[in-house]
Amino acid sequence: MEKNVLNKLAQNKKRNGSAWFLILFGILFVVVVGNAFMARMWNGGTGADITSKEPLELTFSDVLRRSGDIETMNIRDNIATGKLKDGTKYNAVITYNPELLEKLSTGGTSVSIDTSKGWVEYLGTWVPIIMGIFFIWWIFRGLRGGAGGLSRTLIGQNPTKIVTGKPKTTFQDVAGIDSEKQELAEVVDFLRDKSKFAAVGARVPRGVLLSGEPGTGKTLLARAIAGEANVPFFAASGSDFSGIIVGLGVAKIKEIFEMAKRNAPCLLFIDEIDAIGQRRSQNAFNDQDREQTLNQLLIEMDGFSNETGIIVIGATNRPDMLDPALLRPGRFDRQVHIDLPDMAGRKAILELHAKKIKIGADVNLGELARGTTGFSGADLENLLNESALHAVRAGRKFVAKDDVEEARDKLLMGPRKIRKMRPQDIKLTAYHEAGHAFVSVVYSDVADPIHKATIIPRGRALGMVQHLPIDDKVSMSLEEIRANLSIALAGRASEQVFFGPDKITTGAESDIAMATRLARRSITTAGLSRKIGMVAVNQGQSFGVRVPLEAASEKTAEIVDAEIKSWLDVAYADAVKILTKNKNTVKKLAEELLKHETLTGDEIMKIVGKKSHVKPTAKKSKIAKK
């Protein structure tokens, strides 16, 4: 019934809007055509009689020279028409000049000046006035009806909505966020049977705020709640409540809440709620409409009528931007942060999406979950979809391991680049990646195991070495940090060892940046430097501009920079030392890369051999003593 009424209202609004549009279009058409017609009339000789003989065209010089031959002259603007004394009609373009008029009058010419306005001029004057009055009447016509009249007149349609008796999405379609689903199970129980809560005197949260990285499943989880509870689900985006006319957002908020009340109990989902729920400020003079919209939302969520049967679910990527009044108990009572999935969560998500795709027997989803650290649920779904697309391009009827590897490399580094490279550049890239790979093997008991090394160009990278973590890490030890610094700088170290200090290239740019970030974070945030101590002196970025160290002097900043350089210098010296002692093995590894372009972790370990595992020197480096 609700849906039929909404459809009829929408049809009536469309018909009314179409009628007014036709009226305005007709007025504009008359004005344009009338202007064109009158302009053509004047250009053809306004005020001249139409005869079979064409009028004589005179220039201004001709008029001055033949002033004594002119019998009559009718002047309108700068167009002169009339006839000569011999009866010949003429047209002329003249410049208004009192001396000319006096000369013509003295010569016996009958001069008349037409200053009357045509209907086109009157239209040009009155049509804008009439349209302005009509627009003002249109606005006040909507205002007389209050918020409902305004919404029906101005917005022309309801906010983006999804009205369904039972969404198909359930908790079974959501994987990798089991703890978050348990947090929201009470909401589902309340929507199914609220009497058991009332018997104890418990109040179910009126609002739930879902926050987290993009692609973690906030919208999917909201739909799953409605599907589990078997209640109507209304969805709107925060940007739907903003408009160019003041009061439009307030009207839309009232309208969607009134619709939800008629269908209670129900779920109202507002995506990207930070668009209207940003923190209010005393200086926000130009954002009054957004603040009025936020005030109306606050009233609707916890106003005088509390027991509405509506549970509001908001989703945002920036919960820190929201107004405190929106987050207080009674509005968004419960705040659920959805983290990026861990290894077990990634595996569960991959298994869920793999049901829709034909996966080959050689694809290990557990290993794939290990190699996708930092991927969101949307990223994992996209990974399998890219794998399926690659399988189709390769002519296979199922997704093989090569397809998954290609899709992951594409998402991490970009698509393959077909570029012509000089032989010396290819050789240098091979030795660069061989340096990374060898030092990774040396520190395999500390750092993440190596997965593969490749010299195939992708995106901006000419090659890369990938590592697969054994399990999820929540922190890193100082030993791991030192090992990772040596691995990151091993590419540049290999260039120096095999080609000389004058042949090093810019290929280590990203490695140096990554190592610098790791060292700075370890020193300024984690307190792992004995010289700096356990003091938070994090140096941040504000709108791309480097800001001073937090609660630190310029002298401390200089010490931090010197300490970072010291850590990197020690790590680089460690990598050079390891590669120098094992030049033959690293050379063999580089030659195999040149031959095969890509080597797996097992192939690299086989080439290196057990004898190549030297005792890491960085473990006893100067970093530990500082």
If you look at every heavy atom in Ser522 and Ile481, which pair is closest and at what distance?
OG-CD1, 3.3 Å
Atom pair CD (Gln424) and OG1 (Thr429), whose distance is rounded to the nearest 0.5 Å
10.5 Å
Using atom types as modelled and distance alone, determine if a side-chain donor or acceptor of Asp409 lies under 3.5 Å from a backbone N or O of Glu406.
no
Audit row: Leu599, Ile607, side-chain contact (heavy atoms from CB on, under 4.5 Å) steps and yes/no:
CA-CA 10 Å; Leu599 296 175; Ile607 294 171; 4.0 Å; yes
Would you find a donor on one side and an acceptor on the other, under 3.5 Å apart, between the side chain of Glu180 and the backbone of Val336?
no
Please report the C-alpha distance between Asp323 and Arg328 in whole Å, then the side-chain angles of each, then the deciding distance to 0.1 Å, and finally whether the salt bridge (Lys or Arg N to Asp or Glu O under 4.0 Å) criterion is met.
CA-CA 9 Å; Asp323 193 271; Arg328 73 159 177 82; over 6 Å; no
Heavy-atom neighbours of Lys347 NZ exceed 12 at 6.0 Å
no
Does any N or O in the side chain of Asn385 come within less than 3.5 Å of the main-chain N or O of Glu381, such that one atom is a donor and the other an acceptor?
no
Does Ser494 reach the main-chain N or O of Ala490 with its side chain, forming a donor-acceptor pair under 3.5 Å?
no
Looking at Val208, is its backbone amide N or carbonyl O close enough to the side chain of Arg334 to form a donor-acceptor pair, meaning the two atoms are under 3.5 Å apart?
no
Whether over 12 other heavy atoms sit under 6.0 Å from Asp320 CG
yes
Any donor-acceptor pair under 3.5 Å from Arg331 side chain to Ala325 backbone:
yes
Who pairs with Thr505 by side chain to side chain donor-acceptor pair (under 3.5 Å), at least two apart in sequence or on another chain?
Glu495
Taking Thr372 for the side chain and Ala369 for the main chain, is one N or O donor matched with an acceptor at less than 3.5 Å?
yes
Begin with the C-alpha distance, continue with both residues' side-chain angles, and end with the deciding distance and a verdict on side-chain contact (heavy atoms from CB on, under 4.5 Å) for Phe171 and Val188.
CA-CA 11 Å; Phe171 279 160; Val188 176; 4.0 Å; yes
Counting only N and O atoms by type, is there a donor-acceptor contact under 3.5 Å from the side chain of Arg279 to the main-chain atoms of Met321?
no
Report yes if some heavy atom in the side chain of Ser376 is under 4.5 Å from a heavy atom in the side chain of Leu340; otherwise report no.
yes
Just do the salt bridge (Lys or Arg N to Asp or Glu O under 4.0 Å) check on Glu405 and Arg408 with the steps written out, would you?
CA-CA 5 Å; Glu405 291 287 337; Arg408 181 173 57 187; 2.9 Å; yes
Check whether Arg492 reaches the backbone of Ile512 with its side chain - one donor and one acceptor, N or O, closer than 3.5 Å.
no
Rounded distance (nearest 0.5 Å) linking atom CD1 of Ile487 with atom OH of Tyr443
8.0 Å
Taking the side chain as every heavy atom from C-beta outward, state whether Leu297 and Val312 have any pair of such atoms under 4.5 Å apart.
no
For Asp173 and Thr170, indicate whether the former's side chain and the latter's backbone hold a donor-acceptor pair under 3.5 Å.
yes
Could you go through residues 211-219 and list every donor-acceptor pair under 3.5 Å that involves a side-chain atom there, pairing it with any protein atom two or more places apart or in another chain?
residue	atom	partner	partner atom	Å
Ser211	OG	His337	ND1	3.2
Thr216	OG1	Glu213	O	2.8
Lys218	NZ	Gly212	O	3.4
Lys218	NZ	Glu213	O	3.2
Lys218	NZ	Asn317	OD1	3.1

Step by step, would you call Lys181 with Asp178 a salt bridge (Lys or Arg N to Asp or Glu O under 4.0 Å)?
CA-CA 5 Å; Lys181 287 193 292 186; Asp178 295 336; 3.7 Å; yes
Is any side-chain heavy atom of Lys401 closer than 4.5 Å to one of Glu367?
yes
For the pair Phe499 and Tyr431, name the ring-plane relationship: parallel under 30°, tilted 30 to 60°, perpendicular over 60°.
perpendicular
Just checking, is any N or O donor in the side chain of Asp569 or Ser566 under 3.5 Å from an acceptor N or O on the other one?
no
What are the two closest non-hydrogen atoms of Ala493 and Val576, and how far apart are they?
CB-CG2, 3.6 Å
Can you find a side-chain donor-acceptor pair between Thr506 and Glu509 that sits under 3.5 Å?
no
